[in-house]
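Below is one structure, written out as structure tokens, with a few remarks after it.
Throughout, a chain's letter reflects where its sequence line sits, starting with A, and its residues are numbered from 1.
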Amino acid sequence: MSNYDHDKIEKKWQERWRKEEIYKDYTRPKKFYALDMFPYPSGAGLHVGHPKGYIATDVFSRYKMLQGYSVLHPMGWDAFGLPAENYAIVNKIHPRVAVEQNITTFKKQLEKFGFTYDWEREINTTDPEYYKWTQWAFLKMFEKGLAYQSDEAINWCPKCQTGLALEDLEGGVCERCGTEVEQKKMRQWVLKMTAYADRLLYDLDKEKLNWEEAILEQQRNWIGRSEGAQFKMAIVGSEEKLEVFTTRLDTVFGMTFALIAPEHNLVQKLKPQIKNWSEVEKYIDQAQKKTDLQRQTEIKKKTGVELKGVKVINPFTKKEISLFASDFVLASYGTGAVMAVPSHDSRDWDFADKYRILKIQVIDPVFEENISVSNVYPSFIPSTLKGETIEDATKRWRKQELERIKKGERCFTDDGVLINSGEYNGLASAEARKKMIKWLEKEKIGQSAVNYKMRDWVFSRQRYWGEPIPIVHCEKCGAVAVPYNELPLKLPEVEQYEPTGTGEGPLVGISEWVNTKCPKCGGPGKRETNTMPQWAGSSWYYLRYIDPKNKQALVDKQKEKDWMPVDLYVGGAEHATRHLLYARFWHKFLYDIGAVSTPEPFKRLVHVGLIQAEDGRKMSKRWDNVINPDDVIEQYGADSIRLYEMFMGPFTQNISWSTKSVVGVKRFLDRTWNCFFADYTGIFINDEDRNKWIKGEAGAEGVTSHEIEVLLNKTIKKVSEDIENLKFNTAISQLMVLGNSFYKVGEKERIPLGSSLDKYYSESINGQRIKKSDFEKFVILLAPFAPHMAEELWSNLGHDKSIFTESWPEYDPALIKEDTIQLPVQVNGKVRAVLSAPADISEEEAKKLALSDENVKKWLEGKEPKKVIFVKGRLLNLLV
RNA sequence: GCCGCUGUGGUGAAAUUGGCAGACACGUGCGACUCAAAAUCGCAUGGGUAACCCCCAUGUCGGUUCGACUCCGACCAGCGGCACCA
């Protein structure tokens, strides 16, 4: 026996696992699919934060294996995209070469953790055999009219020199490089994600996704569904109509002007009528020059220009009102024009203030006797003062509101009851909206309508390092799909892959690639030179792991059914509205064409908390605070870093790394080893004695006290539950409690490591030890977290087969209850004594016991308790 | 501004979901072992108090309750998302 040499032992087991492939048993009846968000192999290599999520899925995978599941736990590389390309440009190296190098580094680093990845299923989004199916899916969308070309203005990053999707922006700047984006009109490919908006929203609930509420909420907000009404207003002296969308049709009688986006084409159409055209034109010019960022910083400063000579008729009041062009109206949302009700919309209020426009109050913040509160204020209860009823508080609040509104101090934006609204007076807002929509329908000028914040997915990039879009442009036939049997359409090798800046991709320079035949008519055609965005390959990769070598289909249908949906998906929260939205959309499309069998890809999603540097900042080369896992593994071992990252705090929380704290789990592992296998534990008389214990020979088998037996069973229960709930930190702390108690069994006989042996050998050794089978249960519980040490212990305990062929221990429900408990006794709610008592002690008994306690007597001051509160097995509270 | 999350020792954090606040671990102090140091082992460690009984203590203020880290209300601070979406 010897002390634990983590480096040697971990390498040994990793080697054996690779050889024996014990994880690749896919024949068991129960299946579990554990998925990590695959990394982007950057040049910097891994820091200790990256593997945290991988460790979690690995712990879960090993736990499920021990429970008898076939577990799919794959890994791959998301290697297309701007960062690889920019890295390649800076380092003057081809992106393909850079990616290959980086993957080698990443893989080497990951392998040191002893993960259960099935590397035969490794995928790489830049592999033509992989992106063939990315292109295939695109063509399917093209076939169904879901991939289309558009010339709308889109977000353009002048530094990355490419168009971007809405999801690629962060507060008006490019998410990658932080440059302010511009609006640029250009030809681009767009995926019709909005066609799936409702399903993307409703399936979050309907499919009962076990996702964190925070991420569900982010998706809901991002999709941003608004229900309302859309209607047309006549323009005096013109055939044109002004169509608006509103969620507050109930305020329509308060409309005192209307607003239109400056770039709206109706403005151009009304030019002959507009008396101040030069002024209007100037405003449009200015508005177009503004960046998103400028617009955002100017939120409070509303600007606009009246279209003089244009009058719009409010269909409800038949009154003529003015029309203004203003850049706070978004051309891309709704109809690009809105009705303005200054009394009940804060933006219209600001605008009306500036241009001195009339405000008419049409909503009373009140409820009449015959209208219930919930009808008017579904989510609002005014705060009450001391002793005040809700009714009183509502009245007081209403009075206050009314005064403010009358004084013109307050813009009231909640629902209420209609006033100044003709026949609709007295109706609650919600009811009024319904009736007004009916009226619009009857008059045939409008109807109910739904709008989304989410936009269609701008899908083309004017860059080199991405999947080529498999389309040929033909003068006669237009955009024609590359035939399926010609896929993959390979990305050609080029000398120059720097962006052109012209709005065309760098591929445009390779004439022998660009010039081709039209697949339809055989005439001259030109290939599409835009490439797909980074998010394309990651939108369906989890399907390819299931069937990575398939040449006939994206995934085999039976295999897909066997594994999908993903049972546990772990990754960063930053993907809430990007990857996770795209992947769900892509998946739903594949579902619709019958390629997959489930409407949702990820049944359970957990987001991993970031590991920050010790200084609390993000780990980054820039701050020189990066911790490399290789160094930690070298010093403390893979099991230690695995255990530490799971133990450092709640899994989903951001926590700062602390190298100092790693020694805590390292000590725990060493103690576990030293329990029975250190050179001189003292609890064995000699190696022969130890071997007897291992073989279970009579007289050497040891005893487990009832106390420890209870603790062991409790630990089995807690560790199982905690792993299920990804509460790894408390699972480990429970394992430590159990481990410490094992260690303490032989405490008196244990020799401190490095001590002079003579001194100890003179003392008696009584050979106290626990039963081997109980220690083995503990080792299995530890195995998902510290697999290397568990295997080594297991083999030292006399087993030939891997510990992962064993089964997860079950607890005995009879043995998780303690016989005696520490019963707290309170007097007037304060603990005055803690008494040892049988767990099932009755109230009478407990009271008797408590009344005999000195300290309890003292606090009772001789009085008889007026009331006794007894919670069985919990506490006793005496009130006097 | 709107939406969501979080606030507990010197530090990372626990708390069976309303029942002994601080499990487990880091750090620190003292002790054992050692010529010495490291490692290892033991004891202590929220604050007040010399100390016990005790008193105070889970961001702040209030409420419900026999009893609140936990539930309710208001506020404060921090983090994340969205941001003129009509």
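Under the Watson-Crick or G-U wobble criterion, with both distances below 3.5 Å, B:G42 is paired with B:C30. In this structure, B:U64 forms no base pair with any nucleotide, since neither Watson-Crick nor G-U wobble geometry is met with both distances under 3.5 Å. The partner of B:C69 cannot be assigned: no Watson-Crick or G-U wobble pair with both contacts below 3.5 Å exists in any strand. Base pairing of B:U6: its partner is B:A77, meeting the Watson-Crick or G-U wobble criterion (both donor-acceptor distances under 3.5 Å). When both pairing distances are held under 3.5 Å, B:G1 makes a Watson-Crick or G-U pair with B:C82. Remark: B:G12 base-pairs with B:C24. Criterion, Watson-Crick or G-U wobble with two distances under 3.5 Å. Judged by Watson-Crick or G-U wobble contacts below 3.5 Å, the nucleotide B:C54 has B:G48 as its partner.
Nucleic acid contact class of A:N877 (heavy atoms, under 4.0 Å, all strands): base. A:V871 comes within 4.0 angstrom of a base, heavy atoms only. Within 4.0 Å (heavy atoms only), A:Q734 reaches no atom of the nucleic acid at all. Among the heavy atoms of the strands lying under 4.0 Å from A:F647 is at least one base atom, whether or not backbone atoms are also near. In this structure, A:L879 reaches the sugar-phosphate backbone alone: every heavy-atom distance under 4.0 Å involves primed, P, OP1 or OP2 atoms, never a base. A:Q822 comes within contact range of at least one nucleobase, with a heavy-atom separation under 4.0 Å.
Checked against B:A23, B:A86, B:G19, the side chain of A:T246 finds its nearest nucleotide in B:A86. The side chain of A:R874 approaches B:G19 more closely than any other nucleotide in the set B:A86, B:G19, B:C84. Side chain of A:Q218, nearest nucleotide from B:A86, B:C55, B:G81: B:G81. Set against B:G27, B:C82, B:C3, the side chain of A:K453 has B:C82 as its closest nucleotide. Here B:C55 is the nucleotide among B:C82, B:A23, B:C55 with the atom lying nearest to any side-chain atom of A:K830. Residue A:I655 places its side chain closer to B:A13 than to any other of B:A86, B:C20, B:A13. Listed nucleotides: B:C82, B:G27, B:C3. Nearest to the side chain of A:V663: B:G27. Taking every side-chain heavy atom of A:T730 into account, B:A14 is the closest of B:A14, B:C26, B:A86. Checking B:G19, B:C84, B:A86 against every side-chain atom of A:V329, the shortest atom distance belongs to B:A86. Of the candidates B:C3, B:A86, B:C66, B:A86 carries the atom nearest the A:T247 side chain, counting heavy atoms from C-beta on.
For A:R832 and B:C55, the shortest distance from a side-chain N or O to OP1 or OP2 is below 4.0 Å. Phosphate proximity of B:A15 to A:K727: present, with a side-chain N or O under 4.0 Å from OP1 or OP2. For the pair A:N855 and B:C54, the criterion of a side-chain N or O lying under 4.0 Å from OP1 or OP2 is met. Within the structure, a side-chain polar atom (N or O) of A:N740 is placed less than 4.0 Å from OP1 or OP2 of B:A25. For B:C54, one of the phosphate oxygens OP1 or OP2 lies less than 4.0 angstrom from a side-chain nitrogen or oxygen of A:W859. Residue A:R667 has a polar side-chain atom (N or O) positioned under 4.0 Å from OP1 or OP2 of B:U40. The side chain of A:S661 places no N or O atom within less than 4.0 Å of a non-bridging phosphate oxygen (OP1 or OP2) of B:U11.
Atom CG in A:N729 sits about 9 Å away from atom C1' in B:C24, given to the nearest Å. Counting to the nearest Å, the C1' atom of B:A86 and the NE2 atom of A:H344 are 15 Å from each other. Atom P of nucleotide B:G80 and atom NZ of A:K618 are separated by 10 Å, given to the nearest angstrom. For the pair A:W673 CH2 and B:U40 C1', the interatomic distance rounds to 17 Å; values are reported in whole Å. When rounded to the nearest whole Å, the span between CZ of A:F651 and P of B:C5 equals 20 Å.
One finds the CZ atom of A:R578 at 10.5 Å from the CG atom of A:L166 (value rounded to the nearest 0.5 Å). With rounding to the nearest 0.5 Å, the separation of CD in A:Q612 from CZ in A:R617 is 11.5 Å.
B:U11 and B:C5 have their P atoms separated by 26 Å, with the value rounded to a whole Å. Going from the P atom of B:A57 to that of B:U70 covers 14 Å, rounded to whole Å. Rounded to whole Å, the separation between the C1' atoms of B:A68 and B:G81 comes to 31 Å. On the P atoms, B:U8 is 8 Å away from B:G12, given to the nearest whole Å. With both ends at atom P, the span from B:C54 to B:G22 equals 15 Å, rounded to whole Å. Taking the C1' atom of each, B:A23 and B:A14 are spaced 5 Å apart, rounded to whole Å. Nucleotides B:U45 and B:A39 are separated by 23 Å at their C1' atoms, to the nearest Å.
Looking at A:K858, its side chain has no donor and acceptor atom pair within 3.5 Å of the base of B:C53. At a cut-off of 3.5 angstrom, counting only N and O atoms as typed in the model, there is no donor on one side facing an acceptor on the other between the side-chain of A:R671 and the base of B:U40.
Ranked by how close their nearest RNA chain B nucleotide is to the 5' end, A:Y452 and A:V834 are led by A:V834. Each of A:I732 and A:I869 was assigned the nucleotide of RNA chain B with the nearest heavy atom; the assignment lying further toward the 5' end belongs to A:I732.
In this structure the side chain of A:S448 never reaches within 4.5 angstrom of the side chain of A:E227, judged on heavy atoms.
Anti is the glycosidic conformation of B:U45, whose angle departs from 0 by more than 90°. For B:G48, the base is anti relative to its sugar; the glycosidic angle deviates from 0 by more than 90°.
Geometric assessment of A:K52 against the ring of A:F651 yields a positive cation-pi assignment under the 6.0 Å and 45° thresholds. For the pair A:K666 and A:Y636, the cation-pi criterion (under 6.0 Å, within 45° of the ring axis) is not fulfilled.
In terms of modelled atom types and a separation under 3.5 Å, the side chain of A:N674 and the main chain of A:D670 share a donor-acceptor contact.
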* Please report the C-alpha distance between A:F324 and A:Y355 in whole Å, then the side-chain angles of each, then the deciding distance to 0.1 Å, and finally whether the ring-ring contact (aromatic ring centres under 6.0 Å, His included) criterion is met. => CA-CA 10 Å; A:F324 290 76; A:Y355 293 94; 5.7 Å; yes
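In this structure, A:F676 has its ring center at least 6.0 angstrom away from the ring center of A:F742.
Minimum heavy-atom separation, A:Y452 to A:I223: CB-O, 3.5 Å.
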